[in-house]
Amino acid sequence: MEITDVRIRKINDEGKMKAVASVTFDDEFVVHDIKIIDGQNGLFVAMPSRKMGEGDFRDIAHPLVSEMRNRIKDAIFQAYDKILAEEDDASAN
């Protein structure tokens with residue numbers, strides 16, 4: 001399964017959530033609402049989740065193996081870094 005597209009929506013808020021990503025696989029399947037969050041140890045990716053009961057969250061969609069999780073994370077961070085670089089270039093001009 002190949003990642004064929006990553007789209008980033010940057011959140012302009014000053015909160016912990018920095019962006020939301022949509023990842024397309026094999027030009028046939030897309031997962032929306034993957035969050036980029038600024039945590040205590042830096043940025044991390046949170047899979048789409050639903051609130052269950054008393055404050056617990058459960059992933060709706062997630063990779064089953066760490067290799068795929070890393071591929072998704074790396075593709076999202078690469079696209080996020082590109083967006084940040086483009087914003088820096090635009091503000092410098």
Side-chain angles (χ1 to χ4, degrees):
M1 183 177 299
E2 294 298 318
I3 297 171
T4 52
D5 189 32
V6 178
R7 296 184 187 220
I8 303 290
R9 280 187 326 227
K10 191 165 177 287
I11 305 295
N12 292 326
D13 214 13
E14 290 299 320
K16 292 184 182 259
M17 186 164 55
K18 300 302 177 188
V20 178
S22 296
V23 179
T24 304
F25 300 91
D26 294 333
D27 289 321
E28 295 179 348
F29 186 80
V30 66
V31 178
H32 297 289
D33 297 331
I34 302 172
K35 297 167 189 71
I36 299 174
I37 299 174
D38 191 5
Q40 292 179 339
N41 298 320
L43 294 177
F44 69 93
V45 172
M47 291 294 146
S49 60
R50 175 180 300 147
K51 189 172 184 177
M52 307 293 285
E54 298 178 17
D56 295 333
F57 285 87
R58 187 166 195 172
D59 286 350
I60 295 169
H62 59 89
L64 296 177
V65 295
S66 60
E67 177 185 304
M68 187 59 169
R69 178 176 292 277
N70 288 334
R71 286 176 44 208
I72 292 169
K73 178 186 67 149
D74 292 346
I76 289 172
F77 284 151
Q78 182 179 11
Y80 181 66
D81 289 343
K82 182 178 177 187
I83 294 277
L84 293 179
E86 289 172 358
E87 285 183 354
D88 286 346
D89 288 347
S91 65
N93 291 330

For atom CD of E87, decide whether the heavy atoms of other residues, nucleotides or ligands shown that lie under 6.0 angstrom number more than 12. yes
Least distance between heavy atoms, D33 atom then S22 atom: N-OG, 4.5 Å
Minimum-distance pair of heavy atoms, taken over all atoms of F57 and S49: CD2-OG, 3.8 Å
Flag the pair I34 / V23 as yes when at least one side-chain heavy-atom distance between them is below 4.5 Å, and no otherwise. yes
Start with the C-alpha distance between I3 and T24, add both sets of side-chain angles, then the distance that settles side chain to side chain contact (heavy atoms under 4.5 Å, CB included), and finish with yes or no. CA-CA 6 Å; I3 297 171; T24 304; over 6 Å; no
Rounded to the nearest 0.5 Å, what's the gap from CD1 on I8 to CZ on F77? Could you check? 9.5 Å
Report the residue from I36, I37, I11 that forms a side chain to side chain contact (heavy atoms under 4.5 Å, CB included) with K16. I37
Between M68 and V6, is there a shared hydrophobic cluster once you connect ILVMFWY residues whose side-chain heavy atoms come closer than 4.5 Å? yes
Looking at D27, is its backbone amide N or carbonyl O close enough to the side chain of T4 to form a donor-acceptor pair, meaning the two atoms are under 3.5 Å apart? yes
For the atom pair CD1 (I72) and NE2 (H62), what is the distance rounded to the nearest 0.5 Å? 11.0 Å
Validation row: R58, R50 side chains within 4.5 angstrom (heavy atoms): no
Closest non-hydrogen contact found for V45 with K73 is CG2-CG, 3.9 Å
Mind checking the CG-CG spacing from D88 to D81? Nearest 0.5 Å is all I need. 10.5 Å
Taking every heavy atom of A61 against every heavy atom of M47, the minimum-distance pair comes out as O-CB, 3.3 Å
What is the distance from atom CD of E28 to atom CE of M1, rounded to the nearest 0.5 Å? 9.5 Å
Could you tell me the separation between the CZ atom of F25 and the CG atom of D5, rounded to the nearest 0.5 Å? 11.0 Å
I would like to know whether L43 and K18 meet side chain to side chain contact (heavy atoms under 4.5 Å, CB included); could you show each step before the answer? CA-CA 9 Å; L43 294 177; K18 300 302 177 188; 4.1 Å; yes
Are more than 12 heavy atoms from other residues, nucleotides or ligands located less than 6.0 Å from atom CZ of F44? yes
Begin from the C-alpha positions of E2 and R71 and carry the test side chain to side chain contact (heavy atoms under 4.5 Å, CB included) through to its verdict. CA-CA 9 Å; E2 294 298 318; R71 286 176 44 208; 4.2 Å; yes
Mind listing the closest non-hydrogen atom pair of A19 and K10 along with its distance? CB-CA, 3.9 Å
Side chain to side chain contact (heavy atoms under 4.5 Å, CB included) for E67 and N70? Distances and angles first, verdict last. CA-CA 5 Å; E67 177 185 304; N70 288 334; 5.8 Å; no
Supply the atom-to-atom distance I60 CD1 to H32 NE2, rounded to the nearest 0.5 angstrom. 12.0 Å
